[in-house]
Amino acid sequence: MNVLDSELALADLLQAGYEPVDDSQHADVILFNTCSVRQHAEDKIYSALGRLKHIKRQRPGTIIGVLGCMAQRERQTILHRAPHVDLVVGPGQLARLPELIRRVEAGEGPIVELSLDRRADAHGTVRASFLQHDPPRMAAVRPIRQQAMVRIMFGCDKFCTYCIVPAVRGPEQSRPAEKIVAEVRRLAEDGCLEVTLLGQTVNSYRDTSGERPVALADLLAELNEIEGLRRLKFVTSHPRHITTDLICAVRDLPKVSPYLHVPAQSGSDRILKRMRRGYTAGRYREMLSEIRVAIPEAAVTSDFIVGFPGETEEDYRQTVELLSESRFKNSFIFKYSPRPKTKAVELYEDDVPDKIKRQRNNELLAIQNAISLEDAQAWVGRQAEILVEGPSKAARKKRGDDETIQLVGRTVCDRIVVFDGRQELTGTILPVTIEKVDAFTLFGRADPSRASRQAESR
Ligand code: SF4
């Protein structure tokens, strides 16, 4: 979500006449788009702001801004801790960014522009204060023209007790389906092959603005008809909203990737209840089994939090059990990080020692990595169709002028594939034969004649 917000903010600024520079030393405006999900992310921003003090001393006209979730959560505190900041803009106010920068340039700073606190006003008024931001898309600001993210919802109404997102990103709002279809159609006309639909709980999407309500499965069916578009993905799904209709849409619509990210968070009913996730481990298993029966080739990924307040060894063992039997393609595993203003902080003591959190995190990761490796090994000798995203990190570091470099791409199931080829292959969809794997990456070889035809047709 933040990557998309940054892309849209950059596009707005380019249209307003700003140009990007390579080095903050030469910038007139320096903006941080921030995350509040973990304390560590916020600490890093305060350190980065501290390092900019000298720029502000040398060039007092430089505008420094903090955007996004941390701005909405920390509010005036940012100006107290970093008085050289000129602009604090919440995620619901990003649509106004160019105007706000102009006002600081005109001497009005510092400016703090935030949406209303969720608890401070009526639901409708708070919702209206989180402005929707869907400016025209600009291929030049995306890493590659052929891939794009499209937001279909704003905010979240779930209020999981550990999570700050509903407070900082505001009430759930679905964008009208008509607007989304028009945006994806324009992207496809402009050469985009793969679109990832985004929402905090993307599968609770429901547009009620037209004659008939439109759910995610209906939206996917409409988008599937768009000419030129080859792949459709969506993240992040909430287990409670995985419906049979949605599973059938993923199974039956040829452009929809058989890839679902459905965070489980814990395998213990007691902890799931404390987290207010709204399902039990048994219900999660049933949902997963429905996916596996309908779409055996589906890649399912998950998130887990270890060390949530009150998590006993027995609770944790139940999480190990769920993760071990679920055969996720991969899982993102986090140590619980208490966030001020969340229910978990109000209700529970952060009572699992950090050492235990770390042990549980490492053990769970090791189990998941072994599963991911076995899952990847099944690919050896098979052909994967990948969308080439460009030079790999290693190739970018090397920066030689070899014609053949290491490239990286992604399968429909979001597996990362590395192979050697010409840079011109970037943005093409190509079959690659997998020769070896590790837990996170498939290493392959592109058919040389096909690859060279594709590169030349670019
Ligand atoms: S569903 Fe829960 S974890 Fe996900 S964004 Fe909403 S409150 Fe946070």
Side-chain angles (χ1 to χ4, degrees), residues 1-5 33-42 68-73 90-92 115 117-119 123 126-127 130 149 151-175 196-206 215-216 234-243 246 260-269 271-281 283-284 287-288 300-309 311 319 322 328 331-348 350:
M1 202 61 94
N2 272 12
V3 172
L4 177 59
D5 280 342
N33 191 18
T34 60
C35 172
S36 250
V37 168
R38 299 178 58 76
Q39 185 59 46
H40 183 60
E42 292 193 358
C69 295
M70 179 179 163
Q72 182 70 28
R73 199 190 74 76
S115 303
D117 191 316
R118 280 197 85 154
R119 286 183 276 199
H123 187 77
V126 173
R127 193 166 62 182
F130 282 84
M149 291 182 258
R151 187 186 345 248
I152 65 168
M153 307 170 71
F154 296 79
C156 179
D157 284 344
K158 291 282 182 286
F159 293 99
C160 302
T161 54
Y162 53 82
C163 184
I164 190 72
V165 168
V168 290
R169 286 204 174 259
E172 184 176 307
Q173 305 184 55
S174 292
R175 280 179 73 198
T196 302
L197 307 177
L198 297 187
Q200 307 293 345
T201 55
V202 70
N203 54 339
S204 68
Y205 174 83
R206 199 167 170 81
L216 179 60
F234 55 91
V235 283
T236 290
S237 293
H238 192 285
R240 263 174 61 193
H241 299 284
I242 295 280
T243 59
L246 182 60
L260 291 131
H261 180 60
V262 202
Q265 305 299 11
S266 172
S268 153
D269 289 347
I271 297 298
L272 287 169
K273 198 167 175 197
R274 287 190 144 212
M275 289 176 165
R276 270 198 211 148
R277 289 288 291 170
Y279 52 86
T280 59
R283 178 63 204 112
Y284 188 91
M287 177 247 5
L288 190 57
V300 182
T301 58
S302 186
D303 293 345
F304 286 91
I305 296 172
V306 290
F308 189 77
E311 187 187 70
T319 298
L322 180 65
F328 297 116
S331 294
F332 300 93
I333 297 162
F334 305 94
K335 290 188 299 174
Y336 170 68
S337 167
R339 309 304 295 125
K341 292 196 190 158
T342 58
K343 273 281 165 210
V345 164
E346 270 175 41
L347 297 173
Y348 312 119
D350 180 19

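Indexing begins at 1, ligand by ligand and atom by atom, following the structure's order.
- For atom 3 (S) of ligand 1, the closest non-hydrogen atom of the protein is Y162 OH, 3.3 Å.
- K335 and H40 share no side-chain donor-acceptor pair at under 3.5 Å.
- Proximity to P166 (heavy-atom distance under 4.0 Å) selects the following atoms of ligand 1: 7 (S).
- Listed by atom number, the atoms of ligand 1 under 4.0 Å from C156 heavy atoms are 1 (S), 5 (S), 6 (Fe), 7 (S).
- Ring geometry, F332 versus F334: the interplanar angle falls under 30°, so the pair is classed parallel (tilted spans 30 to 60°).
- At least one heavy atom of R277 sits less than 4.0 Å from an atom of ligand 1.
- At a 4.0 Å heavy-atom cut-off, ligand 1 touches F159 through the backbone alone.
- Interatomic distance, CD1 of I242 versus CG of N203, reported as 4.5 Å (0.5 Å rounding).
- Put simply, C160 gets within reach of atom 2 (Fe) of ligand 1, with an N, O or S atom under 2.8 Å from it.
- Sparse packing is recorded around CZ of R276, with 12 or fewer heavy atoms of other residues, nucleotides or ligands lying under 6.0 Å away.
- The protein heavy-atom contact nearest to atom 1 (S) of ligand 1 is T201 CG2, 3.4 Å.
- Every atom of ligand 1 with a heavy atom of K158 under 4.0 Å away is listed here by number and element: 1 (S), 6 (Fe).
- The contact set between ligand 1 and V165, taken as ligand atoms under 4.0 Å from a residue heavy atom, comprises 5 (S).
- Contacts of P263 with ligand 1, taken as heavy-atom pairs under 4.0 Å, are absent altogether.
- In this structure, the protein non-hydrogen atom closest to atom 8 (Fe) of ligand 1 is C163 SG, 2.3 Å.
- We find the SG-CG distance between C35 and D5 to be 11.5 Å, quoted to the nearest 0.5 Å.
- Ring geometry for F308 against Y162 counts as perpendicular: the plane angle is over 60°, on a 0 to 90° scale with 30° as the lower cut.
- Using a 4.0 Å cut-off between charged side-chain N and carboxylate O, R283 and D269 make no salt bridge.
- Between R206 and E172 there is no salt bridge, since none of the side-chain N atoms of the basic residue sits less than 4.0 Å from a carboxylate O of the acidic one.
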